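This one's a predicted model, so the numbers in the text were calculated from it and none came from an experiment. Each chain gets a letter, A, B and so on, in the order the sequences are listed, and its residues count up from 1.
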There are 2 protein chains.
Amino acid sequence: MSLSERELTLESSHGDILAAAAELFMDRGYAATSLDEVARSLGATKGRIYHHFPSKSVLFAEVFRHGMAMNYAAIEPHRHLAGSPTMRWRRMAFAHVMQMITTKPFQMAVWMGVEMHLRGATTPEQRTVFNELIQYRKDYGDLFRSVIIDGREKGEFDFEDVSVTNQLMFMTLNSPIFWYRPKTGETKANREDLARKVVVCALRGLGGKE
Amino acid sequence: MSLSERELTLESSHGDILAAAAELFMDRGYAATSLDEVARSLGATKGRIYHHFPSKSVLFAEVFRHGMAMNYAAIEPHRHLAGSPTMRWRRMAFAHVMQMITTKPFQMAVWMGVEMHLRGATTPEQRTVFNELIQYRKDYGDLFRSVIIDGREKGEFDFEDVSVTNQLMFMTLNSPIFWYRPKTGETKANREDLARKVVVCALRGLGGKE
DNA sequence: AGATGAACATACTACCGGGTATGTTGTCAA
DNA sequence: TTGACAACATACCCGGTAGTATGTTCATCT
């Protein structure tokens with residue numbers, strides 16, 4: 001998990017392509033996005049993309065991977081904090097939601113990647129690299145899962161079914177990728193307030209106390 | 001809103017195509033679904049589809065429309081019930097979630113249609129028919145919106161932002177279209193229990209009392 | 001019986017998009 | 001200076017797909 005600063009901030013041609021691809025995958029979906037469009041949005045041609053990535057599916061997979069890497073980096077500082085499960089969960093959830101808002105194109109790709117895997121819309125060759133990414137994403141989800149289980153055991157949370165609750169919680173926390181739009185003149189405080197509302201709603205769903 | 005029984009149950013060739021198309025749109029997404037595949041899943045050819053629908057986008061729009069029509073029909077019995085907003089909301093929400101589960105392919109198409117519209121992934125000609133459908137969907141959403149506003153005024157619900165809360169509520173209520181899979185030997189009671197859990201979680205998000 | 005049209009199937013076209021093969025330019029090391 | 005390689009651009013191939021134009025069958029009406 002030791003990604004260099006360069007890899008996280010994408011200061012490279014490789015990274016420029018990832019960012020442009022993420023944007024278009026978000027806007028048009030995977031299938032409807034052509035590599036010509038991605039290249040054109042960079043003021044380049046397909047040759048540039050194929051110089052860095054062997055195929056469209058690998059390009060998408062790298063967008064997926066980068067999105068997940070940023071998520072891990074975002075919640076890492078809060079994972080091992082002392083304090084109640086509720087407090088740990090709140091910090092992690094808040095960081096997660098802020099990620100959904102600030103790196104939306106990449107998070108959209110993560111979502112689409114999971115969807116494509118669930119629908120089996122992958123060729124056998126893609127499966128290998130995809131399985132690893134799905135596992136990557138699953139491990140991330142389990143970080144939250146164990147916290148809410150811990151919280152329930154300590155009586156801080158109250159819910160019936162762990163799987164269903166976890167699904168619903170992530171739906172809420174992820175939802176900004178679908179409906180969030182940056183407003184003109186929006187400040188960081190605005191975004192944080194929005195994220196707080198989302199976290200509060202998800203916390204209620206867990207049966208937690210505010 | 002007076003749809004014939006035939007239109008709601010799809011006992012026609014027209015309806016068979018709608019159902020098959022909905023299934024494939026769900027499995028592969030709009031862009032990745034070819035009309036040849038839809039036809040093949042029916043044991044037919046493209047000629048049959050183009051005899052009933054003028055284009056792929058119109059076929060998709062009709063799937064969308066049919067999904068929404070079923071939703072309206074499902075919550076109609078509960079809309080004007082006497083009783084508390086909480087009770088009215090619970091009935092409507094439960095009916096809605098059951099719709100998500102039982103008519104998943106169509107509801108997935110509705111979701112995709114809204115997404116496509118938000119992303120502007122529509123041609124100018126599609127816009128006309130699409131705008132009407134989006135309005136159709138918006139009106140449906142407003143039925144819930146007015147109930148939760150009513151509930152808040154009567155002190156039964158407790159939340160800050162109406163728009164954000166409505167978004168998050170629908171995310172929760174709609175989420176089964178993404179993660180629900182029918183189990184073998186599953187009964188109607190199983191599905192209803194699942195729907196109940198989803199409704200409870202959404203109700204908590206509204207700050208309502210169980 | 002013959003005409004007519006609905007409900008398809010068949011055959012075809014035009015185009016788009018992933019992938020490839022090859023050319024071009026700048027840079028840097030020996 | 002030159003050769004070698006990275007980092008692209010250009011030109012092309014080819015499979016797939018939306019849409020069309022044209023047959024074919026069968027039921028129904030007169």
**Message:** In this structure, how many angstroms lie between the C1' atom of C:dT13 and the CG atom of B:Leu35, rounded?
**Reply:** 16 Å
**Request:** Counting heavy atoms from C-beta on, name the nucleotide in C:dC8, D:dG19, D:dA9 closest to the side chain of B:Lys56.
**Result:** D:dG19
**Fill in**
Of D:dT17, C:dC8, C:dG17, the nucleotide closest to the side chain of B:His52 is C:dC8
**Prompt:** Does the A:Trp179 side chain pair with the main chain of A:Ser175, one donor and one acceptor, at a distance under 3.5 Å?
**Reply:** yes
**Message:** Tell me the interatomic distance from A:Arg28, atom CZ, to C:dG18, atom P, rounded to whole angstroms.
**Reply:** 12 Å
**Asked** Does A:Ser13 put a side-chain nitrogen or oxygen below 4.0 Å from OP1 or OP2 of D:dC8?
**Response** yes
**Message:** Classify B:Thr33 by what it touches in the nucleic acid, base, sugar-phosphate, or nothing, heavy-atom distance under 4.0 Å.
**Reply:** sugar-phosphate
**C:dC8 phosphate, OP1 or OP2, under 4.0 Å from B:Thr45 side-chain N/O** = no
**Request:** Please report, rounded to the nearest Å, how far the P atom of D:dA7 is from the CZ atom of A:Phe53.
**Result:** 12 Å
**A:Tyr72 (side chain) donor-acceptor with A:Tyr136 (main chain) under 3.5 angstrom** = yes
**base_contact_polar (D:dA18 base, B:Lys46 side chain, donor-acceptor, <3.5 Å)** = yes
**Prompt:** The side chain of A:Asp36 lies closest to which of these nucleotides: C:dG17, D:dA6, C:dG19?
**Reply:** C:dG17
**Message:** Whether the B:Thr187 and B:Asn190 side chains hold a donor-acceptor pair (N or O, under 3.5 Å, no angle test) is what I'd like checked.
**Reply:** yes
**Whole angstrom value for the distance that separates P of D:dA18 from CG of B:Leu59** = 10 Å
**Asked** What integer distance in Å separates A:Glu37:CD from C:dG17:C1'?
**Response** 10 Å
**Item:** Rounded distance (Å) that lies between atom P of C:dA9 and atom CZ of B:Arg40
**Value:** 14 Å
**Message:** Between A:Asp193 and A:Lys197, does any side-chain N to carboxylate O distance fall below 4.0 Å?
**Reply:** yes
**5' precedence on DNA chain D between B:Gly47 and B:Tyr50 (nearest-nucleotide basis)** = B:Tyr50
**Asked** What nucleotide, of D:dT17, C:dA9, D:dA9, holds the atom closest to the side chain of B:Ser34?
**Response** D:dT17
**Asked** Among B:Arg127, B:Arg65, B:Arg137, whose side chain to side chain donor-acceptor pair (under 3.5 Å) with B:Glu132 holds?
**Response** B:Arg65
**Asked** Considering only C:dA9, D:dG19, D:dC8, which nucleotide approaches the side chain of A:Arg48 most closely?
**Response** D:dC8
**N/O (side chain, A:His51) to phosphate O (OP1/OP2, D:dC8) under 4.0 Å** = no
